[in-house]
Amino acid sequence: MSGLYDLHCHSTASDGHLTPTEVVARAAGLGVATLALTDHDTVAGVAEAQRAAAARGLRLIPGVELSVLWQRRTLHVVGLGVDPQEPGLQAGLAQMQRARQERGEAIGERLERAGLHGARAGARALAGSADMTRAHYARWLVESGQVRGFEQAFQRYLRQGRVAYVPGDWVAMEQGIEWIRGAGGIAVLAHPLGYDLTGAWLRRVLDAFTAAGGGGMEVACGTSPQPRQVQKLGGWCRRYELLASVGSDFHAPGYPSREIGAAPALPEDLPRLLDALP
Ligand code: MN
Ligand code: MN
Ligand code: MN
């Protein structure tokens with residue numbers, strides 16, 4: 001009844017390549033009826049996306065994707081159905097943006113020191129008015145011919161243990177979930193297979209996540225699209241009685257499995273997070 005939907009995607013408000021208006025237009029063109037905009041640690045694109053969605057008769061869910069720390073690991077928690085104006089969330093996101101700015105500058109300094117001149121200015125130009133992220137530096141490294149692709153940019157320079165890696169000073173998971181819930185949203189564990197966790201560690205994460213008030217998890221992910229992966233995530237979702245979410249994690253055109261609306265289907269017996277949204 002609700003049609004095609006996608007509850008995880010990015011715009012130029014963080015590290016996506018399309019403006020919020022372009023993301024909504026693309027979603028509409030692909031037949032997506034309900035879309036959540038979930039930029040990294042910001043709701044700056046939501047108002048524009050809402051205007052574009054209203055003009056096209058598309059339902060826009062205000063969202064955000066928080067980078068959080070749990071046991072010294074970085075995890076991503078998507079907040080869906082948040083009130084972007086809620087003061088607690090706003091204050092939290094302002095704090096996150098300061099951390100992102102500092103991290104963006106520090107990565108640039110490290111790359112420059114490693115002899116990659118122009119890295120900071122290059123990432124700055126690509127980020128526009130958004131904060132510089134590793135994705136922007138990776139894009140600069142690719143576009144300036146320093147590496148062959150995104151993967152190599154992370155392998156050589158940006159991932160943990162490499163010369164330009166700077167740990168993120170993110171918020172504690174429990175606090176991040178509190179911001180989301182305080183703003184009326186549902187906290188969703190994003191792409192649970194994207195953290196290289198063993199089953200035992202994923203269980204610990206889900207124990208802590210549900211204890212802290214987390215309400216959903218992504219089961220149908222553009223980043224883990226294989227049927228086996230969906231089945232596995234479905235199993236965890238049932239076991240923890242979480243609401244099942246669907247998200248492509250769209251950032252840019254040209255990646256078919258992460259196209260808007262292209263995430264695999266949910267197992268039919270799972271309670272859909274979509275149905276719990278206001
Ligand atoms: Mn991203
Ligand atoms: Mn993520
Ligand atoms: Mn994402």
Side-chain angles (χ1 to χ4, degrees), residues 5-20 23 26-27 35-46 49 61-70 73-80 82 93 96-97 99-100 103-104 107 123 126-128 130-142 149-151 153-154 158-160 166 168 170-171 173 176-177 180 185-197 202 205 209 214 216-225 229 233 245-255 257-263 273:
Y5 68 101
D6 190 336
L7 301 178
H8 186 156
C9 72
H10 296 271
S11 74
T12 48
S14 64
D15 59 352
H17 293 207
L18 304 183
T19 64
V23 169
R26 191 173 182 88
L35 179 75
L37 186 68
T38 56
D39 276 303
H40 295 288
D41 304 316
T42 182
V43 289
V46 168
I61 308 293
V64 66
E65 181 176 18
L66 296 180
S67 293
V68 303
L69 286 173
W70 178 80
R73 292 162 196 272
T74 300
L75 304 172
H76 287 178
V77 176
V78 164
L80 294 173
V82 293
L93 294 179
M96 295 293 281
Q97 270 134 47
R100 280 200 170 270
R103 185 183 196 221
I107 293 169
L126 289 170
D131 293 324
M132 294 183 287
T133 65
R134 288 196 294 173
H136 295 115
Y137 282 104
R139 210 172 140 193
W140 178 81
L141 286 163
V142 174
F150 251 64
E151 196 79 335
F154 278 84
L158 297 168
R159 75 174 174 86
Q160 193 157 8
V166 178
W170 311 134
V171 68
M173 178 171 75
I177 291 173
I180 290 166
I186 302 174
V188 180
L189 184 66
H191 43 67
L193 299 181
Y195 310 111
D196 268 329
L197 298 170
L202 186 52
V205 166
F209 178 77
M217 63 178 275
E218 290 183 348
V219 171
C221 304
T223 49
S224 313
Q229 296 172 313
L233 289 170
S245 192
V246 173
S248 64
D249 206 1
F250 172 81
H251 281 69
Y255 302 88
S257 72
R258 294 173 72 175
E259 182 56 84
I260 303 172
L273 190 137

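Note that ligands are numbered from 1 as they come in the structure, with each ligand's atoms numbered from 1 the same way. Since the model is a prediction, treat every value here as computed from it, not as a measurement.
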A.B. asks: When rounded to the nearest 0.5 angstrom, what distance separates CG in Asp131 from CE in Met96?
C.D. replies: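 Between Asp131 CG and Met96 CE, I get 10.5 Å after rounding to 0.5 Å.
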A.B. asks: Show the nearest heavy-atom pair for residues Leu80 and Ala36, with the distance to one decimal.
C.D. replies: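 Closest approach of Leu80 to Ala36, heavy atoms only: CD2-CB, 3.6 Å.
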A.B. asks: How many angstroms lie between atom CD of Glu65 and atom CG of Leu37, to the nearest 0.5 angstrom?
C.D. replies: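 CG of Leu37 is found 11.0 Å from CD of Glu65.
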A.B. asks: For the Mn ion (ligand 1), give me the closest N/O/S atom belonging to Asp15, just the atom name.
C.D. replies: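 This residue's closest N, O or S atom turns out to be OD2.
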A.B. asks: Cut-off 3.5 Å, side chains only: do Thr42 and Arg100 have a donor facing an acceptor?
C.D. replies: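 Note: Thr42 and Arg100 side chains miss the donor-acceptor criterion.
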A.B. asks: Quick check for you: to the nearest 0.5 Å, what is the distance between Asp249 atom CG and Ser257 atom OG?
C.D. replies: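 One finds 10.0 Å between CG of Asp249 and OG of Ser257.
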A.B. asks: Run through the protein N/O/S atoms less than 2.8 Å from the Mn ion (ligand 2) and write them out by chain and number.
C.D. replies: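 Correct list: Glu65 OE2, His76 ND1, His191 NE2.
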A.B. asks: List for me each residue that meets side-chain hydrogen bond (donor to acceptor under 3.5 Å, both in side chains) alongside Arg103, sequence neighbours excluded, and say none if there are none.
C.D. replies: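 With sequence neighbours excluded, Arg103 shows a side-chain hydrogen bond (donor to acceptor under 3.5 Å, both in side chains) to no residue whatsoever.
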